[in-house]
Amino acid sequence: MKDLKYLLAYIAPALATLGLLWGGYWSYGAVLYAFVFLPLTEPLLPKSRKNFTEEEKQSRLKDKFFDALLYFNLPILYALVIGYFFWLAQDSWQLWELIGNTLSVGLIISASGINVGHELGHRREKFEQNLSKLHLLPALYMHFFVEHNRGHHKYVATPLDPASADKGENLYFFWVKSLVGGYLNAWKLEKDRLEKRGLPMLSWHNLMVRFQVYQLAYLGIILAAFGPFVALMAIVVGLNGALLLETVNYIEHYGLRREKLPSGKYERVMPRHSWNANYELGRIMLYELTRHSDHHYMASKKFQILDHHEEAPEMPFGYPSAMILAHFPPLWFYVMDRKIQQYEQSMVALG
């Protein structure tokens with residue numbers, strides 16, 4: 001029964017749906033829930049550092065409830081996105097409602113789309129990998145499937161990874177670096193993969209070629225069904241979702257770096273190379289993404305068995321609060337640069 005708490009992850013999509021149905025102030029429901037309610041509530045609730053026993057982990061891995069939680073996001077995501085397009089086509093909304101619903105739907109594209117697609121993209125089953133790609137489509141972010149798994153996880157917390165933020169790097173510069181760098185890296189990774197197999201780069205064998213076709217087809221269908229304005233807003237709301245994801249990327253590894261070894265290679269990815277946050281509500285909303293240290297330490301682990309590591313750095317607040325603070329670079333640097341210094345000193349003291 002305790003695992004039913006993960007159903008709370010559907011609150012944000014439900015609020016975004018009400019925004020489209022009822023309009024008015026409800027247009028901002030999902031955004032207010034994520035970036036007002038959660039930041040105000042999380043500090044009042046206890047954090048959980050509990051890890052499951054091996055027996056409990058095996059039981060949770062066999063429990064199809066956790067997979068169903070992820071799979072159900074796909075119909076929710078597409079129903080909401082299509083509903084948003086129909087809402088736009090009515091042309092009876094006001095500008096402030098347009099802003100609210102675009103932000104709310106973008107939030108779901110990020111949380112129920114990219115985030116769930118990220119989890120499924122690490123699975124080995126072809127079915128789940130295809131689901132991952134479908135989750136990424138509304139964000140026009142399908143290259144993430146290539147770059148994240150084969151690029152980010154290999155080069156995380158090094159200068160070679162555009163999705164790892166340097167200490168002193170502000171969020172807005174990071175957005176450009178990660179969006180552009182990640183997209184170009186995905187093309188390079190596919191080029192390298194195909195060269196090893198003796199296959200042409202500009203062919204259907206190239207996942208990046210396929211992804212561009214799928215995304216253009218997606219926009220083409222929207223253009224044909226709803227017209228140019230709605231097609232433009234499909235790009236805007238997708239970008240909104242992508243920027244939210246990149247904001248999460250920014251806070252996950254900010255200022256943490258792997259040591260370069262005498263061999264020229266980097267040390268193995270360890271729990272100390274990602275920021276954690278053990279606040280329950282944030283963990284539920286993001287399907288345990290905030291236990292990010294263990295995810296990078298063992299990328300194949302499913303979300304329901306991720307561990308807390310005592311040596312992993314912890315944020316002084318949950319991910320939703322961190323995402324807000326990151327938009328104000330001077331405040332972010334003031335808080336997090338000190339936190340990095342404190343963490344580094346604690347690691348030295350421990351030897």
Side-chain angles (χ1 to χ4, degrees), residues 51 118-119 121-124 129 143-170 173-199 201 205-208 245-246 248-276 289-302 305-315 333 336-337 339-351:
N51 290 332
H118 157 257
E119 171 70 21
H122 281 288
R123 305 287 177 87
R124 296 180 181 177
Q129 291 189 1
H143 69 278
F144 181 86
F145 181 84
V146 173
E147 203 284 326
H148 178 83
N149 294 341
R150 287 190 262 143
H152 176 62
H153 271 266
K154 182 177 181 179
Y155 297 114
V156 65
T158 76
L160 300 176
D161 178 33
S164 294
D166 293 318
K167 184 179 178 182
E169 182 178 324
N170 75 63
F173 176 83
F174 174 83
W175 278 349
V176 177
K177 183 188 81 169
S178 190
L179 284 170
V180 175
Y183 182 77
L184 295 177
N185 273 0
W187 278 103
K188 183 180 183 302
L189 287 164
E190 273 299 275
K191 176 177 176 291
D192 294 344
R193 181 182 71 88
L194 293 172
E195 282 182 349
K196 290 177 181 178
R197 298 188 177 190
L199 297 170
M201 179 180 175
H205 297 290
N206 190 329
L207 285 176
M208 287 299 290
L245 180 278
E246 292 298 349
V248 173
N249 272 339
Y250 177 78
I251 67 176
E252 283 173 338
H253 306 286
Y254 175 79
L256 303 176
R257 280 290 178 259
R258 287 154 62 191
E259 182 182 350
K260 196 169 188 178
L261 303 175
S263 64
K265 295 182 178 180
Y266 288 93
E267 64 175 313
R268 181 191 172 184
V269 180
M270 300 296 288
R272 65 177 178 273
H273 298 126
S274 305
W275 289 101
N276 275 3
L289 183 70
T290 65
R291 282 197 164 181
H292 208 60
S293 291
D294 198 37
H295 170 66
H296 270 278
Y297 184 56
M298 295 286 289
S300 61
K301 288 177 73 171
K302 293 186 176 183
I305 61 168
L306 289 175
D307 287 319
H308 164 76
H309 292 265
E310 289 297 331
E311 69 271 30
E314 279 202 60
M315 286 190 164
F333 297 150
M336 290 304 297
D337 289 3
K339 188 69 177 175
I340 292 171
Q341 185 178 18
Q342 292 170 2
Y343 176 71
E344 289 174 345
Q345 290 172 347
S346 69
M347 289 294 99
V348 170
L350 290 174

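In plain terms, the two heavy atoms of Lys302 and Glu119 that are nearest each other are CA-OE2, 3.6 Å. Closest approach of Asp307 and His309 over heavy atoms only: O-CD2, 3.8 Å. A pairwise comparison of heavy atoms in Phe333 and Gly168 identifies CZ-O, 3.4 Å as the closest pair. Contact record, Leu256 with Arg272: CD1-O, 3.7 Å, taken as the closest heavy-atom pair. The nearest pair of heavy atoms linking Ile251 to Trp275 is O-CD1, 3.3 Å. Listed here is the closest heavy atom pair of Tyr250 and Glu169: OH-O, 2.6 Å.
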- Verdict with supporting geometry, Arg150 and Glu190, salt bridge (charged side-chain N to carboxylate O under 4.0 Å, His left out): CA-CA 10 Å; Arg150 287 190 262 143; Glu190 273 299 275; 2.6 Å; yes

- Given the rule in the side chain to side chain donor-acceptor pair (under 3.5 Å) test, do Asp337 and Tyr254 qualify, once you have shown the distances and angles that lead to the verdict? CA-CA 9 Å; Asp337 289 3; Tyr254 175 79; 2.7 Å; yes

- Given side-chain contact (heavy atoms from CB on, under 4.5 Å), test Arg258 with His253 step by step and report yes or no. CA-CA 11 Å; Arg258 287 154 62 191; His253 306 286; over 6 Å; no

- Task: Start with the C-alpha gap between Trp187 and Asn206, add the side-chain angles, then the distance that decides, and say whether side-chain contact (heavy atoms from CB on, under 4.5 Å) holds.
- Result: CA-CA 9 Å; Trp187 278 103; Asn206 190 329; 3.8 Å; yes

- Going through the checks in order, is the side-chain contact (heavy atoms from CB on, under 4.5 Å) test met by Met315 and Lys339? CA-CA 8 Å; Met315 286 190 164; Lys339 188 69 177 175; over 6 Å; no

- Query: Under the side-chain contact (heavy atoms from CB on, under 4.5 Å) criterion, do His122 and Asn149 qualify, and how do the steps go?
  - Reply: CA-CA 7 Å; His122 281 288; Asn149 294 341; 3.3 Å; yes

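In terms of the side-chain contact (heavy atoms from CB on, under 4.5 Å) criterion, residue partners of Glu259 (sequence neighbours excluded) are, by chain and number, Glu267. In this structure Glu147 satisfies the side chain to side chain donor-acceptor pair (under 3.5 Å) test with no other residue, sequence neighbours excluded.
With a 4.5 Å cut-off on side-chain heavy atoms, Leu189 and Arg193 do not count as touching. Here the side chains of Leu245 and His118 are not in contact, with every heavy-atom distance at 4.5 Å or above.
A 6.0 Å sphere centred on NZ of Lys191 holds no more than 12 heavy atoms belonging to other residues, nucleotides or ligands.
Using the six-membered ring where Trp is involved, His295 and His292 have ring planes that are tilted, between 30° and 60° apart.
Leu184 CG to His143 NE2: the interatomic distance, rounded to the nearest 0.5 Å, is 9.0 Å. A distance of 9.5 Å separates CG of Leu306 from CG of Asn276, quoted to the nearest 0.5 Å. Once rounded to the nearest 0.5 Å, the distance linking CG of Leu194 with CG of Leu207 reads 8.0 Å.
The residues Lys188 and Asp192 are annotated as salt-bridged, a charged nitrogen and a carboxylate oxygen being separated by less than 4.0 angstrom.
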Return a table of donor-acceptor pairs under 3.5 angstrom between the side chains of residues 154-166 and protein atoms on other chains or two or more places apart.
| residue | atom | partner | partner atom | Å |
| --- | --- | --- | --- | --- |
| Thr158 | OG1 | Tyr155 | O | 2.6 |
| Thr158 | OG1 | Leu160 | N | 3.2 |
| Asp161 | OD1 | His152 | ND1 | 3.4 |
| Asp161 | OD1 | Ala163 | N | 3.2 |
| Asp161 | OD2 | His152 | ND1 | 2.8 |
| Asp161 | OD2 | Ser164 | N | 3.3 |
| Asp161 | OD2 | Ser164 | OG | 2.5 |
| Ser164 | OG | Ala157 | N | 2.9 |
| Asp166 | OD1 | Arg257 | NE | 3.4 |
| Asp166 | OD1 | Arg257 | NH2 | 2.2 |

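The six-membered or imidazole ring of His273 lies away from that of His296, with a centre-to-centre distance of 6.0 Å or more.
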